[in-house]
Structures are given as C-alpha cells and as structure tokens.
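Reading through the structure tokens given below for one structure.
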Amino acid sequence: MASENVAANVAAKGAARTAPVETPFPLATLRHSVSHLMASAVESLFPGAQFGFGPAIEHGFYYDFELPRPLEEKDLERIENEMRRIAKSAGAMVCTEYTREQARERLLERGQKFKVEAVNDIPEGERITFYSHAGWEDLCEGPHVDRLDRPFSFKLQRVAGAYWRGDDKNPMLQRVYGTAFWTKEDLERHLAWLAEVERRDHRHLGTELDLFSHHPEAGGGFIFWHPTLGAVRREMEKFWWELHESRGYMPVYTPHVARETLFAVSGHLENYADLMYAPMAIDELPYRVKPMNCPGHILIYRNRGRSYRELPLRWAELGTVYRYERSGVLHGMLRVRGFTQDDSHIFCTSEQLPAEIAGVLELVRTLLTAYGFEFTAYLATRPKEKSIGSEEVWERAIAALREGAARTGIALELDEGGGAFYGPKIDFKMKDALGREWQTSTVQCDFNLPERFDLAFTDRDGAKKRPIMVHRAIYGSLERFTGVLIEHYGGKFPFWLAPTQVALIPIREAHSVYCRELAGLLAADGLRVRCLDDAGHMNKKIKEATQEKTPFLLIAGDREVAERAVTVRQRDLEQQQKVALEAFRDRVRRLAATRCVSLDAPPV
Ligand SMILES: [Zn+2]
Ligand SMILES: [Zn+2]
C-alpha cells in the first residue's frame with residue numbers, strides 16, 4: 001500500500017524545474033481533468049465500475065474505483081489506450097448544474113453509491129455540478145480544462161489499495177495513480193526523475209548497503225541501526241555535539257519512562273494522548289514512555305531556584321521518544337514509532353530571546369549547509385483558533401523571531417496562523433539533491449509549559465519572573481534525517497560520514513603485510529578502514545568495495561610497497577592514480593577534518 005503521508009512530505013520540485021509551457025490552465029487543472037478522462041475509460045472497459053474521488057495531487061492525479069476484479073499492470077496500458085481513443089473525440093468539458101434531487105437521481109440511475117454519498121454531503125446552498133465529456137459525466141465542482149482534445153501527455157503509473165474516505169471501516173477501493181503534463185518532454189523528464197527517486201530509495205539502499213533493518217519480532221516502526229549506519233550516526237552526533245558545546249549548550253540526560261502524572265501536568269495527556277502509548281503499571285502506578293523530552297528538562301530546571309544570572313540556560317539531549325503512528329503510514333526510516341530527537345531547550349528572559357533565536361538560526365544554517373542542503377525558513381504566527389497567551393506576548397515573540405532572522409541574514413517566508421497553540425515558531429524546509437523539500441529543523445517559543453510547571457527565576461530586582469522556553473531541534477529526528485541523507489547522497493556518503501572510508505586491497509597475498517600496516521596507520525588517524533586481505537581475487541574485492549560505495553580504494557603491489565605509495569581509486573572516477581602514502585594520508589585527514597561534502601573539493 002502506498003504511503004500518502006510520505007508522498008506529501010516529499011514536496012518535489014524536480015518536476016517543476018522546466019520552463020512552464022504557455023497554457024491557459026494550471027497543471028493541477030489538467031491533471032484533474034485527465035483523472036475524469038481515466039474514469040470514463042475505466043467505465044468503458046469495466047462496465048459497472050463504482051467511482052470514489054479523483055483529485056489532482058502533488059505530481060499527478062489518482063482516481064478510486066470499485067471494480068469487479070483487481071487491476072493488473074497490463075490493464076493500465078489498456079486504460080491508457082482507451083483514454084487516448086476517448087480524448088481524440090472528447091471535445092469540450094461541459095458543466096451542468098442540478099438540484100440535489102436531480103443529482104441523486106442521475107447517480108442512482110448508474111448505481112454510483114459512493115457518489116450518492118458524496119452528493120448527500122454537499123452542504124445546503126452549495127452548487128451541485130456535473131462535468132461531462134464524450135457523453136460521460138461525473139459529479140464534480142471543477143475546475144477543469146475547457147477541452148480534452150488539447151495536446152497533452154499522460155501516463156498511468158500504478159495501482160494501490162485505498163479505503164473509501166481513508167477509513168479502514170469502509171470498503172477498500174483500487175486507486176489508480178497517473179500523471180500528466182502539457183508536453184511529452186516534461187512527462188519524460190518527470191518519469192526519469194521518478195526513476196532516480198526510486199533508485200535512491202533509502203529502504204532499498206538500506207538493504208543493499210547493509211545499513212539498517214526492521215524486524216517483525218520487534219514490531220513495525222522500530223529501526224535497528226547496523227554497524228555501518230551506526231558509524232554514520234556517531235559522526236552525525238559528534239558533529240552535532242561539537243557545534244553545541246562550542247555554543248554554550250550543556251548536555252542533559254533524562255529517562256525514557258516517567259509517571260503519568262508528569263504528562264498530565266505537561267498537558268501531553270490532554271493534547272497528545274493519541275500519539276502516546278498506553279500506560280504500564282509500575283508498583284501499581286501508571287507510567288508512560290515519553291513522547292517528548294521537554295517535561296524531563298523542565299524537571300531539571302525546577303529542581304532548585306534559578307537566578308537571572310544563570311540565564312540563558314541551553315540544555316541539549318539526543319533524546320529518544322516514542323510516538324504512535326498508524327501502521328499504514330510507517331515508512332522506512334521516515335515515519336517510525338521510536339526515534340531520537342536532537343532536542344534542546346533554552347530557558348531565557350524575553351530580552352535575551354532575539355539573541356538566542358539568532359544563535360539557533362546560525363546553528364541550523366551551519367548544520368544543514370554542512371550536509372549540502374539548501375533551505376527555506378517559515379515564520380509561523382498565531383493560529384486563528386485555539387491559542388494561549390496575550391496578544392502582546394505573541395507580538396514580542398514574533399518580533400524576536402524576526403529580529404533573530406534579521407541578525408543572521410536568514411530570509412523568512414510567512415506561514416500565517418501556522419504557529420503552535422503555545423507560541424510562534426520558525427520551521428525549516430531543506431531541499432535535497434533531487435529538489436524535494438523536507439521539514440526538519442524547528443525553533444519554537446513556548447508560553448505554555450513555563451505556566452503549567454510554574455517555572456520562575458529571580459530577577460535583578462528580586463522579583464520572581466517567568467522564563468521563556470524555547471524548543472528547538474535541528475536534525476529533527478535522527479532516523480528521519482538519516483533516511484533523507486541516504487537518499488540525498490544516493491548511498492554515496494561524503495568521506496567524513498562513510499561507514500568505510502578507505503578499503504585496502506593487496507594485488508597478491510605478498511602485499512598483505514603492507515596493506516595491514518597501512519590499515520593500522522589510517523586507523524590511528526581516526527579513519528574507518530577495511531583491509532580486504534583474505535584469499536580471493538583482487539578484481540572481486542575491488543567490485544565488492546565499489547558496490548559498498550567506499551570513497552577510496554587503495555591498491556598495493558610490488559611498486560607501491562617499494563615506493564611506500566598507494567594506487568588510489570576514487571569513487572566514481574575511472575582513472576586511478578599512484579600517490580605517495582603520506583600525501584594520501586594528508587589528503588584524507590583534511591577531508592575528514594573539514595567534513596567536506598565532495599571528495600574532489602580541495603581540502604583547505
Ligand atoms: Zn472534476
Ligand atoms: Zn521541547
């Protein structure tokens with residue numbers, strides 16, 4: 001079953017890179033219109049088909065059908081051909097308005113039970129319209145293209161199961177996905193991009209490169225990091241701690257389980273109950289695994305009185321949390337049930353807030369840029385509905401977020417009303433190598449938890465005051481960020497992150513001693529090295545290390561031993577090069593130290 005949520009997260013820009021063709025209709029309108037065309041073809045081939053909904057989606061469209069039998073791959077081609085046949089003589093798409101009674105009658109005549117349900121749900125007073133082409137009509141509010149005999153290109157892509165209205169108590173329908181573009185070139189470019197997305201899928205690469213696994217014995221949504229990906233994660237964590245410690249963050253560690261009362265005070269039971277796991281009894285009292293790290297950090301803050309002199313306090317924890325996700329939305333490392341947040345909380349005064357925000361934003365930029373991501377920052381303001389705090393407090397916090405962004409030169413897009421109920425925030429979307437956007441980093445002001453836990457500090461004048469609490473995460477979830485990284489790099493990690501950085505391959509057994517000596521030297525330099533000195537042909541070992549996407553393969557024979565040199569095969573380069581051992585050590589030490597994204601960039 002396809003995971004819609006992940007598809008929605010993956011806001012691909014890849015398809016939109018080409019210059020838009022001059023057309024009177026947006027692409028989404030074309031795609032939705034083509035979904036009508038598809039539905040008419042399906043009814044022509046499968047009389048008695050029942051229709052659900054057929055909207056345009058991010059990269060195309062779908063339509064849900066109830067059919068006498070499951071569709072197969074080859075049916076898609078038949079449907080495509082039928083669509084082409086109908087389109088040729090389809091002419092205009094004509095809109096007709098009906099009364100509710102007329103609409104119901106027309107649909108009942110064709111036995112369209114789902115559509116009848118849809119008509120019943122249209123609010124009183126709204127227009128009820130049908131659109132028809134080539135004598136086939138569908139209940140729809142539009143908009144559509146004017147004619148279906150305009151030039152365009154389309155492709156039906158796959159079939160998946162989907163419950164009527166997304167509810168698993170309803171019948172399972174067959175959802176046919178497709179896409180359409182105004183030109184053949186655009187369609188082909190998009191299909192090539194999709195093939196690349198598929199090739200880089202972190203779940204495939206995870207198996208191919210032995211990076212991580214799931215286990216039915218352990219349950220879905222829980223990731224097991226293999227030693228390879230463990231090495232990647234350690235580097236990510238080291239980098240993260242370096243950035244934080246040099247910016248005045250202090251490490252804290254908090255338990256994974258706490259009494260339910262803690263989550264009652266924090267409001268999690270009230271506001272986030274559906275993402276929390278059921279209580280477990282310890283000494284007959286209910287305990288919960290934590291869905292967030294904040295309450296733990298707050299207990300540390302509240303453990304004793306705090307003075308203005310201590311503020312700001314910046315506390316950091318790679319805190320593992322557990323949240324319920326429906327099994328249908330679990331997706332590799334991207335949607336999981338247990339994950340580690342790179343969580344920090346800053347307790348500060350309102351005067352300190354702009355500088356603290358600026359510090360966080362600078363940190364976000366430094367970290368995302370190091371991985372080669374571009375990003376966009378969104379300022380999310382007060383929600384229209386439920387929210388707490390006075391207008392003045394909100395305005396001051398938003399001003400602080402704006403000022404922090406201005407100080408760091410980070411442009412803010414506005415996400416009007418997109419803030420949490422407890423305060424405004426800046427969310428980051430980073431763009432990967434395929435042009436897809438992922439939401440990761442966030443910095444959020446919170447007026448709620450300091451109230452709930454009655455947090456205070458003694459100010460200069462001796463008065464008790466409430467600190468502001470800032471929640472922030474940069475990787476967001478280490479699992480998700482790493483899943484994105486695998487796809488971003490296509491499994492070809494930069495040198496500093498690569499599970500194995502250097503593979504050593506002796507030409508003959510006689511050269512093994514030299515290779516083992518080099519392995520020792522490189523390991524002492526802090527590098528992850530593999531010496532492939534077991535019996536076996538050199539070419540087989542080269543193939544193996546290449547498939548593992550190892551950045552550097554060093555090959556050593558008589559000449560290399562005699563000259564204390566190595567022949568270097570750099571990942572993705574045809575040519576190999578013999579260099580002095582010390583020159584190579586120098587190069588890779590600097591590559592590692594600079595955390596350079598590219599293997600080619602001259603190390604500074
Ligand atoms: Zn429509
Ligand atoms: Zn928090």
Side-chain angles (χ1 to χ4, degrees), residues 25-26 28-40 51-57 61-64 90 92-97 103 107 112 115 118-119 122 127-134 136-148 178 180 249 252 254 258 262-263 265-268 271-272 275 290-301 313-321 323 339-348 356 360 420-423 425 427 441-450 452-453 455 467-477:
F25 302 99
T29 304
L30 170 68
R31 288 169 174 171
H32 170 64
S33 305
V34 176
S35 87
H36 278 249
L37 177 62
M38 173 169 77
S40 65
F51 299 95
F53 291 119
I57 52 173
F61 60 85
Y62 69 75
Y63 212 123
D64 290 342
M93 288 190 87
V94 183
C95 177
T96 318
E97 190 173 341
L107 292 166
Q112 292 297 333
K115 291 284 184 188
V119 161
I122 297 175
R127 291 177 72 212
I128 297 178
T129 52
F130 280 61
Y131 280 80
S132 67
H133 68 272
W136 187 89
E137 67 170 16
D138 196 359
L139 169 75
C140 190
E141 57 177 356
H144 304 90
V145 298
D146 54 351
R147 317 181 53 84
L148 278 169
Y249 284 81
V252 293
T254 58
L262 177 63
F263 302 111
V265 178
S266 69
H268 284 96
N271 296 305
Y272 302 98
L275 61 80
K290 65 178 172 182
M292 293 187 194
N293 301 301
C294 337
H297 294 192
I298 288 173
L299 291 183
I300 301 174
Y301 181 94
L313 288 167
R314 306 185 192 104
W315 290 345
E317 176 175 19
L318 294 173
T320 305
V321 296
R323 296 182 190 172
F339 58 95
T340 301
Q341 280 188 312
D342 63 320
D343 216 350
S344 295
H345 294 99
I346 299 171
F347 301 91
C348 66
E356 289 309 306
V360 172
F421 77 89
Y422 51 78
K425 58 179 180 170
D427 284 334
S441 317
T442 182
V443 47
Q444 315 189 346
C445 300
D446 187 347
F447 317 129
N448 177 45
L449 288 178
R452 279 182 168 271
F453 282 92
L455 300 187
I468 290 183
M469 184 173 180
V470 176
H471 309 258
R472 39 117 300 183
I474 305 179
Y475 288 133
S477 140

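Scope of the values below: all heavy atoms of this structure, side chains included, with no hydrogens, waters or symmetry mates. Just so you know, ligand 1 is whichever comes first in the structure, and atom 1 is the first atom listed for that ligand. None of these values were measured; they are calculated from a predicted model.
- For the Zn ion (ligand 2), the nearest N, O or S atom contributed by H471 is named ND1.
- Expressed to the nearest 10°, the angle at the Zn ion (ligand 1) joining NE2 in H36 with SG in C140 is 120°.
- With values rounded to the nearest 0.5 angstrom, H268 atom NE2 is found 11.0 Å from K290 atom NZ.
- Vertex the Zn ion (ligand 2); arms to C294 SG and H345 NE2; angle rounded to 10 degrees, 110°.
- Using cut-offs of 30° and 60° on the angle between ring planes, the pair W136 and H133 is tilted.
- Metal site remark for the Zn ion (ligand 2): H297 contributes no N, O or S atom at a distance under 2.8 Å.
- Note: W315 and F347 have perpendicular aromatic rings, judged against thresholds of 30 and 60 degrees for the angle between ring planes.
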Q: Just do the side-chain contact (heavy atoms from CB on, under 4.5 Å) check on Y422 and D446 with the steps written out, would you?
A: CA-CA 5 Å; Y422 51 78; D446 187 347; 3.5 Å; yes
